[in-house]
Amino acid sequence: MGSDTRRKWLWALVAVQAALVLPVVVIWLGPAQDAVASGADAGIGAGLIGLYLLAFGLPWSVFVCLIDNRYELFDSALGDLVVIGPAVFNLILTAGLLWWSGRHPVVETDWEIEEYDPDEEDSDLPR
């Protein structure tokens, strides 16, 4: 597989990641929040959408498990940032690094293995 074909496949995978994350972010910010705000029930559907977004935000979303809801963080706009932020960050990080690697390709070098010479090592030491 050539370098150009590999890059096309990688960009296709970034597009798949965007197609899996961005519509769910819109659902999280729109209908899921409206459904939770309108009822007094637990909002299990919104919780499942949040769990989906947290899975796409790994490893950054692990810290959400450490946050206690004692101060009602998840009921504010900061809670939305905590849930959707890691997934969007991973998408931006993936696309950015793929773009950067295309602009700065790896240069092939010829590596040489030199023979070990113990006398050369001892000559570098101060006496």
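Numbering of residues begins at 1 and proceeds along the displayed sequence.
Here the closest heavy-atom approach between residue P23 and residue A18 is recorded as CD-O, 3.6 Å. In this structure, V26 and P31 approach most closely via the heavy-atom pair O-CD, 3.8 Å.
I84 CD1 to F56 CZ: the interatomic distance, rounded to the nearest 0.5 Å, is 15.0 Å. Here the CG atom belonging to L81 is positioned 12.0 Å from the CZ atom belonging to F89, to the nearest 0.5 angstrom. Q17 contributes atom CD, which lies 6.5 Å from atom CG of N90 (distance to the nearest 0.5 angstrom). Atom OG of residue S101 and atom CG of residue L10 lie 7.5 Å apart, to the nearest 0.5 angstrom.
L98 is not listed as a side-chain neighbour of L13, based on a closest heavy-atom distance of 4.5 Å or more.
If you chain together hydrophobic residues whose side chains sit under 4.5 Å apart, I27 and L20 fall into the same group. Hydrophobic clustering, with ILVMFWY side chains joined whenever heavy atoms are under 4.5 angstrom apart, keeps W100 apart from W9. Linking Ile, Leu, Val, Met, Phe, Trp and Tyr whenever their side-chain heavy atoms come within less than 4.5 Å puts L29 and I49 in one cluster. The hydrophobic clustering, which links ILVMFWY residues whose side-chain heavy atoms are closer than 4.5 Å, places I92 and W60 apart. One hydrophobic cluster, built from ILVMFWY side chains closer than 4.5 Å, holds both V88 and V24.
With hydrogens and angles ignored, the 3.5 Å screen pairs no side-chain donor or acceptor of Y52 with any backbone N or O of V21.
For W99, the ring pair (Phe, Tyr, Trp, His ring centres under 6.0 Å) test picks out no residue, with sequence neighbours left out.
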Show your reasoning for whether side-chain contact (heavy atoms from CB on, under 4.5 Å) applies to V62 and L54.
CA-CA 8 Å; V62 170; L54 291 176; over 6 Å; no

